[in-house]
Structures are given as structure tokens and as C-alpha cells.
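Here's the structure, in C-alpha cells; my notes come after.
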Amino acid sequence: MTETTKTHVILLSCGSFNPITKGHIHMFEKAREYLHKTGRFIVIGGIISPVHDSYGKPGLVPSRHRLTMCQLAVQSSDWIRVDPWECYQDTWQTTCSVLEHHRDLMKRVTGCILSNVNSPSTTPVIGQPQNTTSPIYQNSNTANKPTAIKLWGKVSESLGKICCVRPHVERFTFVDENANLGTAMRYEEIELRILLLCGSDLLESFCIPGLWNESDMEVIVGDFGIVVVPRDGVDTERIMNHSSVLRKHKDNIVVVKDDLNHPMSVVSSTKSRLALQHGDGHVVDYLSQPVIDYILQSQLYINASG
């Protein structure tokens, strides 16, 4: 497959990021590497979306701190960005609504063919034979089709044009969905998918009765698709067999099977908070130094409540 016929992917990770760890960044890197190895996908960007303060999780520090820590953690990355939209809403947002927001926003900014939700993809996430029919583009001239690098660059440029600054998080960009994009360059030729990136703990939560709205699960797994980076040697096959929705949409779930015993696969925010509370020097293995410096400066996670 050529670059323009591969499905272009944006990985979206939702969560508390309380605090963001090296394991979170490792998850992005491993997922991108694995998807590229399939030969069917090009990961053009990653988005970190911290949860709203009203999520109500014990010990959750205010979003202004979590957003700043996330920004510090990705400051050297040229493909992962932090998005504050979820934190800026009036209340907590479901994972499904966050995915739909970014789908709609990317469609407005890029003009891409988004194969998520009500628009079936010609490229299954995993498992099924691919459709050998050439993709149908609005523009059949392949000579000047945009590359992945140009696409993500144009996305970043377009987002920058329609950003407004919010109080207390001046370094973050916020996209105004009502902004006029004018004559922004369009990329109708490229098929774009937004995939939810998660650990096996989130996958396992799909099996807990009543925790997830079933219709949301259908949209998340069936219409968008997920990429799972397992932690702690969890049996993802067993998890998927315990959920009718996961079984039904198994071909839309990518399980990254490489390097399961990597030390980053067992790093968690919980371990990081405990290390901070106990003055454990191993915290440097869990968190990047800029994040540690910010935590100490802001006096976060000092007591057992977070």
C-alpha cells in the first residue's frame, strides 16, 4: 500500500492523567510502532484528553495542574499534543462524546474522509481481509496527494488559527468549533480514523455490568475502534470473550502484543502517587523530570488523599 492509500490514524487517549506517567507516553509510542508494522496504517498524531474535574475520582487534582503536567510530559514530542476541551466543558464528558467531538473537529479542520461513525472504513482495524478495491477519492489525481507529515502539520496550523486562550492555562490551545476556517486547505483524498488508545484496564472495565452505557460501547468499539496496550500480562483474549460488545466488534480491536514485559508496561499513576507520598526514589522511573519538578513546586500528591 502507498502512503496515500493507507488509513491515517489519530490516537486519542482519555483518562485522569493524575499524574501523567512515562507509561502513558510509552503507550502512544508502542501503539504507533505496532500500527505502522501492520503496513495498513499511518499514525499522524496523538491526542491526550484529561478528564473533567467533576469526574469525582478521589485524589483527582485540579485540571489546571493535570493539563500542565501533560504538556510538560509531551513538550519534546513532535506528534502528541494535549487537548483541554474536555476539561473546559461545564461538566464531565463521556468517552464517546469526546471521540465524537474530535471526529467532528478533525473533519472541519482537515476536510478528510473520516471513516468513523456512520461511514464504514475500507480498512478494518484488524482481522478481516482487506477490501482490494481501490479507495474512491473525490480527487483521482494522485500526483499531489498530501503526505502524513503535511497533513498533521496542516492540522496543527489550522488549529492554531482558530484557537483562543483560556485563563490559568495560557500555554494551551482551545479550538472554537464555531470559528470560520475560511480557505483552509482540504485533504479529501485521505481516509482518517480516530482510534481510542487505552490500557487493558479500560478494556476490562467494559465487562463490568452497568459501568458503561451499552450504546456508547457500540459507538466506541464498533464505529471508532480501539487500540489496547496491555499491562501486567493481562489476558486480553479472555476479557474480550466476557463482553458481547467486545466479541461482536473484535475485528475493531487492536491488541499491541510486542514487548509485553517492558518495564513501562507496569508503570501507573497510582504507583507514582504512592512513590511521591513516601519519598520513594523510584519515582524518577515513573515520571519525567519536568513533571516531577512541577509536582514538587506545586506541592501535589503530598498526602494520602492525592
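FYI, side chains are in, hydrogens and waters are out, and symmetry mates aren't considered; it's all heavy atoms of this structure. Computed from a predicted structure; not experimentally measured.
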Side chains of [X] and [Y] only: does a donor on one sit below 3.5 Å from an acceptor on the other?
X    : Y    : answer
H282 : D280 : yes
E218 : H249 : yes
N241 : E237 : no

Quick one: does any side-chain atom of [X] pair with a main-chain N or O of [Y] as donor and acceptor, under 3.5 Å?
X    : Y    : answer
T21  : H24  : yes
N252 : G222 : yes
Q93  : T91  : yes
R66  : S16  : yes
N18  : G59  : yes
H8   : K6   : yes
S298 : L300 : no
D83  : S49  : no
H26  : K22  : no

Spacing of [atom1] belonging to [X] relative to [atom2] belonging to [Y], to within rounding of 0.5 Å:
X    : Y    : atom1 : atom2 : value
I25  : S288 : CD1   : OG    : 8.0 Å
K57  : W92  : NZ    : CH2   : 13.0 Å
L72  : Y294 : CG    : OH    : 8.0 Å
S268 : R273 : OG    : CZ    : 7.5 Å
T94  : I220 : OG1   : CD1   : 7.0 Å
M69  : L287 : CE    : CG    : 9.0 Å

- Looking at I80, L11, L12, which hits side-chain contact (heavy atoms from CB on, under 4.5 Å) with I48? I80

- Query: Considering all heavy atoms of both residues, which atom of V228 and which atom of T236 are nearest to each other, and what is their separation?
  - Reply: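 In terms of heavy atoms, the two residues are closest at CG1-CG2, 4.5 Å.
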
- Item | Heavy-atom pair of closest approach, residues S243 and M217 | OG-CE, 3.9 Å

- Item | Check against side chain to side chain contact (heavy atoms under 4.5 Å, CB included), I292 and Q289 | CA-CA 5 Å; I292 294 174; Q289 193 59 50; 4.0 Å; yes

- Message: Can you confirm whether or not the ring centre of H242 sits under 6.0 Å from the ring centre of F206?
- Response: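 No, the ring centres sit 6.0 Å or more apart.
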
- Item | Aromatic plane relationship, W85 with H101 - under 30° parallel, 30 to 60° tilted, over 60° perpendicular |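 The arrangement is parallel - the two ring planes meet at less than 30°.
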
- Message: Any heavy-atom pair between the side chains of V43 and F28 that's under 4.5 Å?
- Response: no

